[in-house]
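Structure first, commentary second.
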Amino acid sequence: MRPRSLLRYYGQNAVIWTFIPAFFFLIVCAFLSSILLEQYFLGLIAEAYPDADTANRDLLFAQMENVALGVLSTEDGVLQSLATDYAEFGNTIQRARGWLVILLSLSLAGFAYLKAMPQFRARESVEKVLGGLFLSSATIAILITVAIVASLLLEALRFFDVYPLWDFLTGLHWSPNIAVHADQVGFSGSFGMIPVLGGTLLITLIAMAVSVPVGLLSAIYMSEFAHPKLRNFFKPTLEILAGIPTVVYGFFAALTAAPFFRSIGLSLGLDVSSESALAAGAVMGVMIIPFISSLSDDVIRAVPRSLRDAALGLGATRSEMVIKVLLPAAFPGLVGAFLLAISRAIGETMIVVMAVGTAANLTFNPLESVTTVTVQIVGLLTGDTVFDSPKTLSAFALGIMLFVMTLGLNVAALTLSRRIAEKYE
Amino acid sequence: MEKYPNKMTVCDVSVHYGDKRALGGVSLDIPENQIIALIGASGCGKSTFLRCLNRMNDEISGCRVAGEILLDEQNIYAQNVDPVLMRARVGMVFQKPNPFPKSIFDNIAFGPRIHEITQSEAELKDIVHSALERVGMIDEVKNRLGDSAIGLSSGQQQRICIARAVAIAPEGVLMDEPCSALDPIATAKIEGLIEALAADYTIVIVTHSMQQAARISQRSAFFHLGELIEVDGTSKIFTSPNDPRTENYITGRFG
Amino acid sequence: METKISPRYTDMITRSLKRRHRKETCLRFFGLTSILFGLAFLVILLGNIANNGLSALLQTYVELEVTVPDSALLDAEGKVSEEVAFDTNWDGLVKKGLRAKFPDASGMRERRALDQLVSANAGFDFKTRILHNPELLNQPLTVWFKTSDEVDQYVKGNMNVSVDESQRRLSDQQLAWIDELAASGLLERRFNTSFFTQADSREPESAGILGAAMGSAMAILVMLVLTLPLAVMSAIYLEYFAKPGRVTDFIEVNINNLAAVPSIVFGLLGLAVFLNFFQMPRSAPLVGGMVLSLMTLPTIIIASRAAIRAVPSSIRDAALGLGASNMQAALDHVLPMAMPGVLTGTIIGVAQALGESAPLLMIGMVAFIVDVPTTVTDPATVMPVQIFIWSNSAERAFYEKASLAILFLVLFLIVMNLTAVLLRRHFERHH
């Protein structure tokens, strides 16, 4: 009998059966066994050290692990014996796991071998597995979103357990430097996000004030006025700006732009902070120029040629055509582009981390120093702090605010761009 | 046949796109207040030629026009001539109705506004009204001048486009297959309108429909592979053309 | 119908034209100015950084005469011993060489000031060198030692010496010594090899980018291994198998939205999930790569989908027409043709990931690490974060190092992006 599928599919089928289930089994096992092992030994530790609290038990567990690995030595006999047990248990489990995986993989290989009869539709079987694999990779995007929301929300909720949500949203005072231990004096951390949000908005506003006019005018010039040769030079050159890492902009903002603005301010008799919102915002604006210009360029080019012809055919000059026809027709798309740019400015981290301070001032004076949501997140999470303190948890509360704001802007921008696509189809 | 004075005279015009020649050595008289139809197979250069007549080809990069086109004895390709003015003097209506995504009123007022023909709102309203009257639409739309022109039927849209062109009182109107996107009833209306407009305007119309050319034009010019083959009275072209290629096209052997 | 001839407006239009053309010139001018503003910024940015950074390619060395006694390296049996070498005061040997040049320097303070002229790592470097060349023992050697970063900066003219002595890092006495050394030809600027062969250091003159470059390479490798198959598979699914409907729509919205989520949010995700929940190691390129792959996945999916969509549908139809299954058509016929586009998208994604630092700060890749990482679980940092660390340091010399690192990073990224552009043009022409 002739096989029902090409021979290679029988081979692929065997490979799939041999390796894929075993691989997933291995992952699940590794995960489960480490959790079970940890729980079991935490139990043993609790028995051996009855007066240790949770944090201490965790510490002891970590010590025991290190002793077992041979990185650490200990005088404590109990811990030493626990560590020996732990190492032994670990080895046994690992060995058992290895054998199980080999057994599983061999038996499934045998199964696939037995199934490889001419009447078996190997191709369909392989394709079904591949199809499933493709579908699951496509759902990863959803999984990531869910993971972002869940992880941010879980940590943020723990923060709102100790600090009221309403105070967080409406408080006018932000000073997260609280005592780590409750018995220290000055447990007075205050987490009102308004000044932080205000700083973010101020810097975003400055950035947009730079990037919107410059980006839009560049796009108009490139799409409507520039000679094609000139355009072919300008466009990629301007896009180099978009390819420069943000840390480089931060470096420039902190070490060149800020002192520059400060010295200009001094010569005008103004007191410009050396961490002024103006310097960070202006440099961020330059960073966003290529983003706005290339998005606007796309939107403007999407306006049908026939509308340009109509205006020019009536004797409009090019600028009249641009201002009276193109821009109004492209307006929703342009707004979408600007929203995306705002979302970018709000989420931009390195420039502000390097060029503005951490002190939260509620001010709209661009010459003063402000702080932003992203600066706070970095500041709160990169120091040497206990993870579970309200201070670090508050970073996640800020994180979820950041996510919600950018999500709203992105969705609005997407809706607008979809609408304009429908309009001209 | 009556003899009309020439509104435009085309002398030896050729057009290149980059290195490619699209049109070569066309010479043609366009008489005043008449309808001249440009016919020929698609890609024969008739639309390219039409776009030369008000310098719309300037807007296509890489397009070069050589030769002379006189409008009232003045070469429109001369150095000191402003193409913007040329386009105001010779209007254009396109193949696909292309009203702006604005209200009906704003569409028609677009030309008068940019050319600053009037400062007073009342006068502007008069101009819009008479343009709409001109295209016979005033009764259809006078109560909804504020509605978007996009919501109209395509026949109405095309008439709005014609009204928009005549609102600035051009001397000539160029039409690039104005009915090709329309149904027969709308086509009939537009054809009637074009014939009526010929009393005041010199009209050059590109059409792929020989019947249409026969119905409305006094003169016809036949283009073939980037060259003007023959131009004569429409009835002459359609009954006893001089050139065998014209005859082949008319009788449907190609095109 | 009575026809009314409208008045012809030619004169009025002619009159308005001059002003209207002036407006046109205005718009043109502003448009061109905007573009030139962007370009000028680019030139200033890169020029400024090149101006500050290129000098870091050279490092000032001082020539000293040193004699290393046998006892510094050899044990009782006369064999080379690392232990003996470890106990030897190599710094002392170097300092002795320096003091020999300035016998007048006396007293603790003055001697210490003198010692500060050579790099704090000079002894260590010297030890390594002698260990590898024991034949140099017991003879007078003329050795070029790295000077300290302050001397280096002064020699390069990066130090403002006009301010009061207390305001600068070198005293008048030290400046006098340096000038004397320079006058007698004992100072020389040489190519700074260690910048390319070492990892970070507390001493600017010993700090290098190899550690960060390796960290970057590892993180990118992890990212590619994770992202590329996932992105290609989901792109194929979305283009070929997904049925239009709510689920597909939802996936699409998700991908588009993820592409615009601030990168730091991915860092928070990595911190909460990879580090805190799965207890993965901090500062490891493995975790860094995982975070970067979450971040670049949407970019590469979007690019791969565009590449697959650009393959003419006739290819697929032909394959289906010959009896291939949907899967065969996609994998055997369409995917190979879409590969160049996928590659271009991947290069852009890699360039984006290579310049990213914010999410990596969240997972501890901002630590001070002196060893070049050898595995993906070793603590490491990456190029942009190394730049961040250096630019936060007080020493002027680190500023110079950061500038040079930026130059290399930006150059590399520009080359990558150019490759992507050229690749795209090449394949567009061939399709």
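If you're wondering where the values come from, they're calculated on a predicted model, not measured in any experiment. Letters A, B, ... mirror the listed sequences (proteins, then strands); counts begin at 1.
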Problem - Exceeds 12 heavy-atom contacts within 6.0 angstrom, atom OH of Y240(C) - result: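 Counting other residues, nucleotides and ligands, OH of Y240(C) exceeds 12 neighbours.
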Practice task
Give a yes or no on whether F368(C) atom CZ has more than 12 heavy-atom contacts from other residues, nucleotides or ligands under 6.0 Å away.
Solution key: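 Atom CZ in F368(C) is crowded, with more than 12 foreign heavy atoms closer than 6.0 Å.
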Heavy-atom proximity to chain A below 4.5 Å, by part of [X]:
| X | value |
| --- | --- |
| L409(C) | side chain |
| P298(C) | neither |
| I348(C) | neither |
| Q328(C) | both |
| L45(C) | both |
| I363(C) | neither |
| F37(C) | side chain |
| L42(C) | both |
| T33(C) | neither |
| F241(C) | side chain |

Output side-chain donor-acceptor pairs under 3.5 Å for residues 255-265 of chain C, partner residues at least two apart or in another chain, one line each.
| residue | atom | partner | partner atom | Å |
| --- | --- | --- | --- | --- |
| N256(C) | ND2 | E252(C) | O | 3.4 |
| N257(C) | OD1 | N410(A) | ND2 | 3.1 |
| S263(C) | OG | E356(C) | OE2 | 3.1 |

Exercise for the section: Determine yes or no for a side-chain-to-main-chain donor-acceptor pair under 3.5 angstrom, with T349(A) supplying the side chain and G347(A) the backbone. Expected result: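 Here the side-chain-to-backbone pair exists.
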Problem - F251(A) ring center within less than 6.0 Å of Y399(C) ring center - result: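 Yes, close enough.
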Exercise for the section: Would you list the pairs meeting side chain to side chain donor-acceptor pair (under 3.5 Å) in which at least one residue belongs to residues 127-137 of chain A, sequence neighbours left out? Expected result: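 Non-adjacent pairs meeting side chain to side chain donor-acceptor pair (under 3.5 Å): R123(A)-E127(A), E127(A)-S325(C).
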